[in-house]
Amino acid sequence: MTLKLYNTLSRKKEEFVPLQDKKVKMYACGPTVYSYPHIGNYRAYVFEDLLRRYLEYKDYDVTLIMNITDVDDKTIKASDGDKSKLLSITRRYEKAFKKGLSVLNVKNADEYPRATETIDEMVELIEELLKKKYAYKAEDGSLYFSIDKYPGYGKENLVHLNPDEMRAGERVSDDEYDKEGAHDFVLWKAWKEEDGDIYWETSLGKGRPGWHIECSAMSMKYLGEELDIHCGGVDNIFPHHENEIAQSEAASGKKFVKYWVHCAHLIYEGEKMSKSRGNIILLEDLIKKYSPEAIRLALLSTHYRSQLDLTDKKLKEAEGSIRKITDFMQTMERIRGEGRFVGPLSAGRPMELHKEFEEALEDDLNISEALSALYRTMRNANILKDEGDIGKEEAGQFLLELDHMNKVLGILPEKETEIDQSVYEMIRQREDARLAKDWALSDKIRDELFEMGYNLEDTPRGTLPKRRK
RNA sequence: GGCGACGUACCCAAAUGGCUAAGGGAAGGGUUUGCAAAACCCUCAUUCACCGGUUCGAAUCCGGUCGUCGCCUCCA
C-alpha cells in the first residue's frame, strides 16, 4: 500500500515517495508568538500530528521541524520596541502554545527553532541571494527579493496568479514603499525608530529579518536544501509559501519541497473567527467544557482539506464518541484480565479491521473512513461480548486493534490504570447478593461503587467495573 | 476583475463512472437485564442544490443556473 497525499503543487493526489528511502524530512509552519493561539491554529497542528503519526505508523523515520516566529511586525508592536519586553512576551506565548500542544496530545517536533536564534543562517541565505542577484538593497537599506528574476513566480508553483493582474498596492504597508517591483517581498527590514532596540547589526546592515526568510533558513539548517513535506494552513499558500519557494530555489538551485500539504481553516459556529466579531476561541476556553480527547477528535474528524465548522454540538458528539471508545477499551481490558472469560468459543477471531483503517488513511488521510473502521471494530467485539462468546485472548486481540488505530489517532490514554482489588471484592459481594436476590444490597453496592468512580456492566460471564470519566 | 473549493438524510460526514449511497449522532421501535447502565437488532436519502448533456450506466464526467465559502502581500 502506498500513501497518497494531495500536493498543492500539482493540485492532485500523488503517491508519497520520500527523497531518501524511509526518511521523511517534514517542516510545519509554526506560530507567531504575539498572543495566545486560538483553536483554529491548533487544528493545523493536530492535522500535522495526524500526518506525522501516520508516517511513523508506516515505519518512516520522520524528522519534524516547526518554527517559532518570535520577531516580526506584530511581536515588535506588542513590545513597544523593547527587546527585553519582546523576549518576555514571546516566551510567554511560546510556552502557552507548547502547553496546548501537549494538552491535545500532539507529539513534539524534533526542534522548535526561534527566528531570533537563526539570524546568522538567515543573513547567510540573503547574502547568497545578493550574490546571485536575486536580492537588491532599496534606498532605506531594506533588502528585497526581485520576483522578475524568478520567472516562475506565481505561475508555476503553488498559486496560479498573474502578478500583473493582482490587485497590488491595496494593502501595501508603509514600510514597503521603495521596492522596485510592486510584488517584491522583503528579506531584511532596515531598522526604523519604532523598532527601538530590537535590531541586529549584521553584514546586511542594522535591522531584522523579514518573515518569509526564516522558514527557508530554518528548514535548510535542520533538514537540508530539499524537503519531503512542508505543511501549513491554506492561508500560507500565498504569499508565504510561494515566497519560500522562490527564495529557497533561487539560493540552492534545487527543488525546495516535494510535497506541499495544506490544511483548510476552521470556523466557529458557522462564522469566521475574528477579533472584530469577538469570537476568537482559545483552547483554554474549550477545556473548561470538554475533555482534551474530545477536542482533539472534533478537530480530527473532518477531513483536513475541508473547512471545519466547529460547533458546540460537534464537540458534545465528540465527547460522546470518546466515552464510547474509552468504555469499550475498558470493557476489553477487564475481559482480558478476568479469569472467567476463558473457555471454548464458537465465534470467529477478531477481524483485522486496522487494515481497513489503514487503507482509508492511505487515501489522503481519509479520516471518516478510518473512524468508520474503528466503530465497526468495536461493534464486532461488542456482539461477541453480548453473546458471552469472547475470551481473554479475543479481548486482547481487539485491544491490539484499538491500540494500532490509537497510535495514529492519539485519542486514548496510553495505558490503563489498575483497578483496586477492593473494587473486585465489592463486586463479588454484590454477586452474592444478586444470587440471593437481595436487590437492595446489590443496588447499594452498585451505588457505592458509582460514588467511588465506577460504572458496572453486567455481562453473561460476569460483572465488569469501568472507571467513569 | 483573477485564482480556487464546496452544496449528499433531522444534524455531522464518506463514497468521484457500475453490486443494496459508509460511519457517527439525534429520533422511534425492539432484544438483553431483577432493575439500571452499556451493548446489540430494526426503522430513518428510489436519491446526492437545480437544469441540460455525454454514456449501456452519473452523486461521481461536461456545460449552464442558483447558493455558500476561501485566497489575490497580517493570518494556521
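Letters go in sequence order (proteins before strands), and every chain restarts at 1.
Between B:G30 and B:U16, the distance separating the two P atoms is 39 Å to the nearest Å. Only the P atoms considered, B:C6 is 11 Å distant from B:C62, to the nearest whole Å. A distance of about 29 Å separates the P atoms of B:A37 and B:C11, rounded to the whole Å. B:A26 sits 36 Å from B:A58 when the P atoms are compared, rounded to a whole Å. Rounded to whole Å, the separation between the P atoms of B:G24 and B:C61 comes to 27 Å. Using atom P as the reference point in both B:U46 and B:C10, the two lie 9 Å apart (nearest Å). Straight-line distance between the P atoms of B:A59 and B:G18: roughly 10 Å, to the nearest whole Å. Nucleotides B:U8 and B:A14, compared at atom C1', are 10 Å apart to the nearest Å.
Summarising the base pairing, B:U20 is matched to no nucleotide, lacking a Watson-Crick or G-U wobble pair whose two defining distances lie under 3.5 Å. Remark: B:G28 base-pairs with B:C42. Criterion, Watson-Crick or G-U wobble with two distances under 3.5 Å. Pairing partner, B:U47: none, since no Watson-Crick or wobble contact has both distances short of 3.5 Å. With a cut-off of 3.5 Å on both Watson-Crick or G-U wobble distances, the partner of B:C6 is given as B:G67. Here B:G1 sits opposite B:C72 as a Watson-Crick or G-U wobble pair (both hydrogen-bonding atom distances under 3.5 Å).
Toward the 5′ end of RNA chain B lies the nearest nucleotide of A:Arg376, the other residue of the pair A:Tyr42 and A:Arg376 mapping further downstream. Between A:His303 and A:Gln307, the residue whose closest nucleotide on RNA chain B is further toward the 5' end is A:His303.
Between the OH atom of A:Tyr375 and the P atom of B:A22 there is a distance of 18 Å, rounded to whole Å. Here the P atom of nucleotide B:A76 and the OH atom of A:Tyr36 are 17 Å apart, to the nearest Å. What separates CE of A:Met332 from C1' of B:A38 is a distance of 11 Å, to the nearest Å. At whole-Å resolution of the value, OH in A:Tyr6 and P in B:C6 are 8 Å apart. Whole-Å rounding puts the A:Leu374 CG to B:A22 C1' distance at 14 Å. Nucleotide B:A38 holds its P atom 19 Å from the OH atom of A:Tyr454, rounded to whole Å. Rounded to whole Å, atom P of B:A26 lies 9 Å from atom NZ of A:Lys324. Atom CG of A:Asn236 is separated from atom P of B:U73 by 14 Å (rounded to the nearest Å).
A donor and an acceptor atom never sit less than 3.5 Å apart when one is taken from the side chain of A:Ser372 and the other from the base of B:G24. Between the side chain of A:Asp235 and the base of B:G70, no donor-acceptor pair under 3.5 Å is found. For a distance-only test at 3.5 Å, the side chain of A:Arg446 qualifies as a donor-acceptor partner of the base of B:C35. Between the side chain of A:Asp458 and the base of B:A37, no donor-acceptor pair of N or O atoms lies under 3.5 Å.
For the pair A:Lys444 and A:Glu448, the salt-bridge criterion is met [side-chain N within less than 4.0 Å of a carboxylate O].
Side-chain contact between A:Ser291 and A:Glu319 is present, with at least one heavy-atom pair separated by less than 4.5 Å.
Among the protein residues, A:Gly320 comes within range of no part of the nucleic acid, since none of its heavy atoms lies under 4.0 Å from any strand. A:Arg11 comes within 4.0 angstrom of the backbone, heavy atoms only, and of no base. Contact annotation for A:Ile267: no contact, since no heavy-atom pair falls under 4.0 Å across all strands. A:Ser301 comes within contact range of no nucleotide atom at all, as no heavy-atom separation falls under 4.0 Å.
For B:G34, the base is stacked against the aromatic ring of A:Trp439, per a cut-off of 5.5 Å between centres and 30° between planes. Aromatic stacking is marked for A:His265 over B:A76, as both cut-offs hold: 5.5 Å for the centres and 30° for the planes.
Nearest nucleotide to the A:Glu317 side chain, out of B:A22, B:A76, B:C11: B:C11. When the nucleotides B:A39, B:G4, B:A76 are ranked by their closest atom to the side chain of A:Asn382, B:A39 comes out on top. Checking B:A13, B:A39, B:A76 against every side-chain atom of A:Asp386, the shortest atom distance belongs to B:A39. Closest contact between the side chain of A:Arg379 and the listed nucleotides B:C35, B:G24, B:C74 involves B:G24. Each of B:A22, B:A76, B:A38 was ranked by its minimum atom distance to the side chain of A:Leu266; first place goes to B:A76.
No hydrogens or angles considered: a donor-acceptor pair under 3.5 Å links the side chains of A:Asp235 and A:His265. For the residue pair A:Thr69 and A:Glu214, a side-chain donor N or O sits within less than 3.5 Å of a side-chain acceptor on the partner. Using modelled atom types, one finds a donor on one side chain and an acceptor on the other under 3.5 Å when comparing A:Thr75 with A:Asp72.
The phosphate of B:C71 (OP1 or OP2) has a side-chain N or O of A:Lys272 nearer than 4.0 angstrom. Distances shown here put a side-chain N or O of A:Asn366 below 4.0 Å from the OP1 or OP2 atom of B:A15. Side-chain nitrogen and oxygen atoms of A:Lys314 include at least one within less than 4.0 Å of the OP1 or OP2 phosphate oxygen of B:A13.
Screening A:Tyr54, A:Tyr304, A:Tyr42 for a ring pair (Phe, Tyr, Trp, His ring centres under 6.0 Å) involving A:Phe47 leaves a single residue, A:Tyr304.
A:Tyr259 and A:Tyr6 have their aromatic ring centers separated by at least 6.0 angstrom. Aromatic pair A:Tyr93/A:Tyr36: ring centres closer than 6.0 Å.
Between the A:Asn243 side chain and the A:His240 main chain, no donor and acceptor come within less than 3.5 Å of each other.
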